[in-house]
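Every chain is numbered from 1 and lettered A, B, ... according to where its sequence line falls, protein lines coming before strand lines.
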Protein chains: 2
Amino acid sequence: MSEQVTDHMTGDEDGALLPQPETGDIRLVKILHALGDPTRLHLLRVYANGEQCDCSSERLGLDHLHKSTVSHHMRIMREAGITSTRAVGRNRYVQLRRADLDARFPGFLDALLKSAEGEEL
Amino acid sequence: MSEQVTDHMTGDEDGALLPQPETGDIRLVKILHALGDPTRLHLLRVYANGEQCDCSSERLGLDHLHKSTVSHHMRIMREAGITSTRAVGRNRYVQLRRADLDARFPGFLDALLKSAEGEEL
DNA sequence: ACGTAAGTTTGACGTGCATCAAACAATAGA
DNA sequence: TCTATTGTTTGATGCACGTCAAACTTACGT
């Protein structure tokens with residue numbers, strides 16, 4: 001059988017990968033700088049629970065922020081090497097770069113997430 | 001024999017402790033913000049190798065910075081809860097708050113220092 | 001007591017950042 | 001094709017930050 005185009009978005013078909021640093025080019029100080037902001041530390045915890053579509057502010061618990069501001073934070077996290085974003089249609093599928101971060105800084109992400117668990121925004 | 005006052009500084013007599021947050025009040029986002037700067041991430045590694053007297057720029061590998069700038073970075077790290085500073089005479093004895101940080105965020109400091117090992121400033 | 005040395009504090013300056021608003025691009029749906 | 005939706009980009013604004021310079025504080029040494 002040949003490939004058949006599906007009607008509905010499954011969320012796992014490939015989409016254009018937005019620009020992000022190579023694993024080897026991820027710099028620790030840039031990660032720390034990116035996460036040294038309450039909003040982005042919050043986003044880290046959101047994406048730690050799995051891939052997320054829907055960048056809308058309400059869904060991310062950021063209803064007090066303008067959508068352009070959210071987009072700005074997304075870009076900083078992506079350019080720091082923390083998240084990876086696939087553009088599929090009008091949606092963005094964002095996920096943590098767990099494997100890459102573990103390869104570059106073993107144990108760091110786990111320790112960080114565990115430390116962030118009990119913290120309020 | 002009664003106590004005898006020593007002529008030379010031994011480095012371990014008590015001095016006034018500069019203001020710092022309680023262990024329970026240390027906030028992760030503040031730590032990340034403090035270390036999201038090349039100079040302060042460098043200082044973290046310096047103090048990870050043991051207590052340091054002499055805040056002079058040359059001794060800390062910061063000869064390109066003014067002494068007031070170094071003092072500024074010291075204060076930020078101290079107020080973030082990363083370092084502890086005892087004032088003895090004209091000197092400042094700075095050390096990492098290892099025990100406090102481990103108690104507040106178990107495993108975080110170790111993972112961080114290990115990640116910072118291979119990084120150039 | 002006087003001068004020197006170590007750090008801190010304050011003020012100033014330029015830059016970067018978080019935020020919003022508006023314009024823009026691209027896609028889905030009718 | 002037209003319209004609505006999703007997200008990005010650009011411009012503007014106010015604030016925080018890194019840096020230096022100068023003044024100030026405190027303590028050592030003679």
Side-chain angles (χ1 to χ4, degrees), chain A residues 5-11 13-20 29-30 32-43 52-60 62-80 83-94 121, chain B residues 5-11 13-20 29-30 32-43 52-60 62-80 83-94 121:
Chain A
V5 178
T6 58
D7 285 321
H8 303 285
M9 290 294 184
T10 56
E13 68 268 33
D14 49 304
L17 209 66
L18 269 55
Q20 65 179 40
V29 68
K30 242 183 172 181
L32 297 173
H33 176 261
L35 299 179
D37 172 272
T39 301
R40 293 192 291 260
L41 188 56
H42 170 77
L43 285 176
Q52 295 287 336
C53 172
D54 195 346
C55 295
S56 73
S57 301
E58 314 89 51
R59 207 63 168 292
L60 295 170
L62 299 174
D63 38 337
H64 55 107
L65 291 182
H66 198 275
K67 62 175 182 170
S68 63
T69 303
V70 174
S71 179
H72 164 72
H73 287 304
M74 299 290 209
R75 183 216 276 256
I76 290 190
M77 295 192 69
R78 199 187 63 234
E79 293 181 340
T83 57
S84 177
T85 302
R86 298 188 345 268
V88 178
R90 299 181 297 188
N91 298 319
R92 302 292 183 269
Y93 291 84
V94 181
L121 186 72
Chain B
V5 177
T6 58
D7 286 320
H8 304 284
M9 289 294 184
T10 56
E13 68 268 32
D14 50 304
L17 210 67
L18 269 55
Q20 65 178 40
V29 69
K30 242 182 172 180
L32 296 173
H33 177 261
L35 298 179
D37 172 271
T39 300
R40 294 191 290 259
L41 188 55
H42 170 76
L43 285 176
Q52 295 287 337
C53 171
D54 196 347
C55 295
S56 71
S57 301
E58 314 89 49
R59 207 62 167 294
L60 295 171
L62 300 174
D63 39 336
H64 55 107
L65 292 183
H66 198 275
K67 62 175 183 170
S68 64
T69 303
V70 174
S71 179
H72 165 71
H73 287 304
M74 299 288 210
R75 184 217 273 256
I76 290 190
M77 295 193 69
R78 200 187 63 234
E79 292 181 340
T83 56
S84 177
T85 302
R86 297 187 346 267
V88 179
R90 298 181 295 189
N91 299 320
R92 302 292 183 270
Y93 291 84
V94 181
L121 186 72

- Task: Kindly give the heavy-atom pair with the smallest separation between Ala87(B) and Leu18(B), and that separation in Å.
- Result: CB-CD1, 3.7 Å
- May I have the distance from Asn91(B) (atom CG) to dT26(D) (atom C1'), rounded to whole angstrom? 12 Å
- Message: Output the rounded distance in Å from CE (Met74(A)) to C1' (dT8(D)).
- Response: 12 Å
- Note on the structure: Between the CZ atom in Arg75(A) and the OG1 atom in Thr83(A), the distance rounded to the nearest 0.5 Å is 12.5 Å
- Atom CG of Leu43(B) and atom P of dG7(C) are separated, to the nearest Å, by 13 Å
- Does a nitrogen or oxygen in the side chain of Arg90(B) sit under 4.0 Å from OP1 or OP2 of dT4(C)? no
- Query: When the distance from CZ of Arg92(B) to C1' of dT25(D) is rounded to whole Å, what number comes out?
  - Reply: 10 Å
- Message: Assess the residue pair His72(A) and Ile76(A) against the criterion (side-chain contact (heavy atoms from CB on, under 4.5 Å)); give the C-alpha distance rounded to whole Å, side-chain angles, the decisive distance to 0.1 Å, and a yes or no.
- Response: CA-CA 6 Å; His72(A) 164 72; Ile76(A) 290 190; 3.5 Å; yes
- Note on the structure: 5' to 3', nucleotides 11-22 of chain D under a 4.0 Å protein heavy-atom cut-off (B base, S sugar-phosphate only, - none) gives ------SSBBBB
- What closest approach, in Å, do Arg40(A) and Ala34(A) show between heavy atoms, and which atom pair accounts for it? NE-O, 2.5 Å
- Item | Nearest-0.5 Å distance that lies between atom NE2 in His73(B) and atom CG in Leu62(B) | 7.5 Å
- Item | Interatomic distance, Arg75(A) CZ vs dC17(C) C1' [rounded to whole Å] | 13 Å
- Message: Using modelled atom types and a 3.5 Å cut-off, is there a donor and acceptor pairing between side-chain atoms of His42(A) and backbone atoms of Leu60(A)?
- Response: yes
- Query: What is the distance, rounded to the nearest whole Å, between atom CZ of Arg78(A) and atom P of dT9(D)?
  - Reply: 7 Å
